[in-house]
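All remarks here apply to the structure that follows.
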Amino acid sequence: MQIQRLIVGVDFSPSSQVAVARAAELAATHGAELVLVHAGTVPETPEVPPSMAATRDAYLAVLQDQLAADRARLAQLHADLVARGVQASQVIVDRFPDDALVEAADEFKADLILTGTRDAGERHGHGRWRLGKVTAKVVRAAHTSVLCARAGDPDHGFSRIVVGTDFSDAAAHALALAVAVAAPGATIEVVHALQVGRWPEAVATPVRLVDDHPIRVELAAALEARGAALLAPYQGRDVTLSFRVGFDEPHVAVRAAALAAEADLVAVGGVGHRGLRRWLLGSVAEDILADAPCSVLIAR
């Protein structure tokens, strides 16, 4: 698929810089337009009692100075990208950052939103990532695909990618996007998770489907055939594709594959067979977004 327009959130943080770098690479590769979006407060002069005029003016001066500094940094970033041959534009929006990115993506009819997340050193309970409120809201509210770039990722394009699939339309779109954002010569491993052999505790003597059980072998063979059909349209591209079945919970299987491959990107569909509404993330996508050890692409 062809990417024609990208939106990237710019707040000048380390993760934002990673998002901008990845966006610039994609824009250059696809000949796409890159829109830099910075959410900042555009000061207005409110009416206040005369006794508060001095306080108001001092506050407005601080806001004006900050806005001027942000404009200068954004203009310099824009100039640097243009000098590198990237087709870029810039906009400062007086909105909350998550609203600014979602609305800009709708307005500009973007194919992809890129946003930064917390860096690789910031984790909480059970090793899960701190996405940050802005990123979490963007991936839930956006009508288009979102790429969450993590600070600390290798300083290059996406060359080792893991795609989770349940064979839904959303998962197929995730694979198409993964191929589109992949660096030349990248390896892309597509993983389908299948849970078998789990029985209710009330069953006194459950029958376990061990690795060589005929049913499990037959299921795996059928899924391998579906996987081969899924990859067929992309054969001949400048990427190496493979498919495998993981016998575990979907987010566990995808995370394990990402760790084993030392992946720099995990891609999944935002809504699969069990999704509720178009703008809501499925539970599997939520888990992967929280647990993935690298950047994550949520496809819509």
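Counting heavy-atom neighbours within 6.0 Å of Glu224 CD, excluding the residue itself, gives a total above 12. Counted within 6.0 Å of CZ on Phe96, heavy atoms from surrounding residues, nucleotides or ligands total 12 or fewer; the atom is thus considered open.
A 4.5 Å side-chain heavy-atom check between Val254 and Asp287 finds every atom pair outside the cut-off. Taking the side chain as every heavy atom from C-beta outward, Leu36 and Leu81 approach each other to under 4.5 Å. When side chains are defined from C-beta on, Ser242 does not count as touching Thr187, because their heavy atoms never get closer than 4.5 Å.
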Take Val179 and Val163 through the side-chain contact (heavy atoms from CB on, under 4.5 Å) test and state the conclusion after the steps. CA-CA 10 Å; Val179 173; Val163 180; over 6 Å; no
I would like to know whether Arg22 and Phe158 meet side-chain contact (heavy atoms from CB on, under 4.5 Å); could you show each step before the answer? CA-CA 9 Å; Arg22 298 292 84 79; Phe158 301 113; 3.5 Å; yes
Quick one: do Phe243 and Arg226 satisfy side-chain contact (heavy atoms from CB on, under 4.5 Å)? Show the steps, please. CA-CA 10 Å; Phe243 175 86; Arg226 290 190 71 182; 6.0 Å; no
Trace of the side-chain contact (heavy atoms from CB on, under 4.5 Å) decision for Ile3 with Val181: CA-CA 9 Å; Ile3 297 175; Val181 303; 4.1 Å; yes
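Under the 4.5 Å side-chain contact rule for hydrophobic residues, Phe167 and Leu175 share a cluster. Under a hydrophobic-cluster definition in which Ile, Leu, Val, Met, Phe, Trp and Tyr are linked whenever side-chain heavy atoms come within less than 4.5 Å, directly or via other members, Val252 and Val162 are assigned to different clusters.
Nearest heavy-atom pair across Ser16 and Val10 is OG-CA, 3.4 Å. Heavy atoms only, all atoms of each residue included: Val139 and Cys148 are closest at CG1-SG, 3.5 Å. The nearest pair of heavy atoms linking Ile113 to Leu101 is CD1-O, 4.0 Å. For Ile7 against Ala105, the heavy-atom pair with the smallest separation is CG1-CA, 3.8 Å. The minimum heavy-atom distance between Arg5 and Phe108, with the atom names listed, is NH1-O, 2.8 Å. The shortest heavy-atom contact between Thr144 and Arg300 is O-NH1, 3.9 Å.
Rounded to the nearest 0.5 Å, atoms NE2 (His143) and NZ (Lys109) are 13.0 Å apart. Taking CG of Leu34 as the start and CG of Leu26 as the end, the distance is 9.0 Å to the nearest 0.5 Å. The CG atom of Leu147 lies 9.5 Å from the CG atom of Leu6; values are rounded to the nearest 0.5 Å. Taking CD of Gln235 as the start and OG1 of Thr240 as the end, the distance is 9.0 Å to the nearest 0.5 Å. Within the model, atoms CD1 of Ile188 and CG of Leu265 stand 9.0 Å from one another, a figure rounded to the nearest 0.5 Å.
Applying the salt bridge (Lys or Arg N to Asp or Glu O under 4.0 Å) test to every pair with at least one member in residues 180-189, sequence neighbours left out, gives these pairs: Glu189-Arg244.
Side chain of Gln2 to backbone of His30: a donor-acceptor contact under 3.5 angstrom is found. The closest donor-acceptor contact from the side chain of Asp248 to the backbone of Ala253 lies at 3.5 Å or more, if one exists at all. Here the side chain of Arg160 pairs no donor or acceptor atom with the backbone of Asp264 at under 3.5 angstrom. With His192 contributing its side chain and Thr165 its backbone, the two residues share a donor-acceptor pair below 3.5 Å. Under a 3.5 Å cut-off, the side chain of His38 and the backbone N or O of Phe12 do not form any donor-acceptor pair.
Shown here are the side-chain hydrogen bond (donor to acceptor under 3.5 Å, both in side chains) partners of Gln90, two or more places apart in sequence or in another chain: there are none.
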